[in-house]
2 protein chains.
Amino acid sequence: MKYIDKLRNSGLRPTKQRLQICEVLFNNEKTFHFTINELEQKIKDRIDTKISLATVYNTVHAFEKKGYLKQIPINSNQTYFDTNVTDHHHFYDLKDQKLIDLENSDVGPINIKKKISGKRIKSVEVLVKLED
Amino acid sequence: MKYIDKLRNSGLRPTKQRLQICEVLFNNEKTFHFTINELEQKIKDRIDTKISLATVYNTVHAFEKKGYLKQIPINSNQTYFDTNVTDHHHFYDLKDQKLIDLENSDVGPINIKKKISGKRIKSVEVLVKLED
DNA sequence: CACTTATTTAGAACCATTATAAACTGGTTG
DNA sequence: CAACCAGTTTATAATGGTTCTAAATAAGTG
Ligand SMILES: [Mn+2]
Ligand SMILES: [Mn+2]
Ligand SMILES: [Zn+2]
Ligand SMILES: [Zn+2]
């Protein structure tokens, strides 16, 4: 199976439920952004199964820890995740509450001049808020 | 009083409690970042009064709406606010969970090349995550 | 003062997320 | 095969930040 490596590498056994979550997360033409609730809905639609919320949270968090999913920093009551784990940025449409990818090439190179001693830069993320 | 304009302009009458919140928020040498809980603690320390949580939330949100405070987009279980309302960016120290200002001059100019038709850019915010 | 409207407050409600603990699974071993 | 076992799933409860509510209080007006 194609998802077994991802699961094993994340410290998870390839169970039926986890493989179904992988199916919804990774078997797509395009990457996408989601909240846990939206993912739960997608699972219900795509697979004809209900997977408990705890399992969804656990799996998503394990993938995030290993870098197979990214969390998107945004002010919302729900946490947003991204299946696009390349370095990239986001538009956030304030009215529709929708995220849109901004490729690195859509944003000029970002050069952080300030240094904090003893700390390394782990990531640089740009959020561009949009209004009408 | 020096805060009456800010309050009136935010649609709020200058009451004792609100003036005390202003004192803590705006009567400082430096700007700072805070969560609602941290602000509540600061109020208890600085003024010898307890102001109800509902009043703190209401006042902070009214100021944020008018641009006297900013929300900082970050993944945390609590909302972070900033008394620095100029255009600027942030380091986020993942270990200490502390925010550090990055002035616009500390970050090269950011040129967003992609356009979304019918939408205007409201803000561009950079979050730089730091690890040890 | 009498009257009206805004504000404050404690506590309840809300809800995303996390924790718990009992039932289940599938492999391993004697 | 049966007993065992560690990991997993699940329903449900607990947590905690935020928002709502409704009663008490304060402030503004004539
Ligand atoms: Mn999380
Ligand atoms: Mn808010
Ligand atoms: Zn994305
Ligand atoms: Zn700041």
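So you know, we letter chains A, B, ... as the sequences are listed, proteins then strands, and number each from 1.
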Notebook entry, point to check: Could you give the CG-to-P distance, from B:Leu7 to C:dT7, as a whole number of Å?
Noted result: 10 Å

Check: Taking only residues two or more places apart in sequence or in another chain, which ones pass salt bridge (charged side-chain N to carboxylate O under 4.0 Å, His left out) with B:Glu131?
Finding: A:Arg120

Next item on the list: Any ring-ring contact (aromatic ring centres under 6.0 Å, His included) involving residues 101-132 of chain A? Give me the pairs, sequence neighbours left out, ordered by first then second residue.
Entry: none

Check: For the pair made of CD in B:Glu40 and P in D:dG17, what is the distance, rounded to whole Å?
Finding: 11 Å

Margin query: Expressed as a whole number of angstroms, how long is the span from B:Gln20:CD to C:dT8:C1'?
Written below: 12 Å

Check: Can you check whether B:His61 has a side-chain N or O nearer than 4.0 Å to OP1 or OP2 of D:dT18?
Finding: no

Check: Separation of B:Asn77 atom CG from C:dA19 atom P, in whole Å?
Finding: 11 Å

Check: At under 4.0 Å, does any side-chain N or O of B:Thr79 touch on OP1 or OP2 of D:dG17?
Finding: no

Note to self: Without decimals, in angstroms, what is the distance between B:Leu39 CG and D:dT18 C1'?
What the structure shows: 15 Å

Checklist line | Euclidean distance, atom CZ of residue A:Phe81 to atom C1' of C:dT17 [Å, nearest integer] | finding: 10 Å

Note to self: Taking salt bridge (charged side-chain N to carboxylate O under 4.0 Å, His left out) as the definition, give me every residue that meets it alongside B:Lys95, ordered by chain and number, with sequence neighbours left out.
What the structure shows: B:Asp132

Distances under 3.5 Å between protein N/O atoms and the N/O atoms of nucleotides 5-11 of chain D, please, pair by pair.
residue	atom	partner	partner atom	Å
D:dT8	OP1	A:Arg13	N	2.8
D:dT8	OP1	A:Arg18	NH1	2.8
D:dT9	OP1	A:Thr15	OG1	2.2
D:dT9	OP1	A:Gln17	OE1	3.4
D:dT9	OP2	A:Arg18	NE	3.2
D:dT9	OP2	A:Arg18	NH2	3.2
D:dT9	O3'	A:Gln17	NE2	2.9
D:dT10	OP1	A:Gln17	NE2	3.4
D:dT10	OP2	A:Ser52	N	3.1

Item checked: Residues which pass salt bridge (charged side-chain N to carboxylate O under 4.0 Å, His left out) with A:Asp106, listed by chain and number, not counting sequence neighbours -> none

Notebook entry, point to check: Whole Å only: how far is the CZ atom of B:Arg8 from the P atom of C:dA6?
Noted result: 13 Å

Check: Quick one: A:Tyr57 OH to C:dC15 P, roughly how many Å, whole number?
Finding: 13 Å

Notebook entry, point to check: side chain to side chain donor-acceptor pair (under 3.5 Å) with A:His33: which of A:Glu38, A:Lys70, A:His90?
Noted result: A:His90

Checklist line | Those residues that, when tested against B:Glu40, pass salt bridge (charged side-chain N to carboxylate O under 4.0 Å, His left out) (two or more places apart) | finding: none

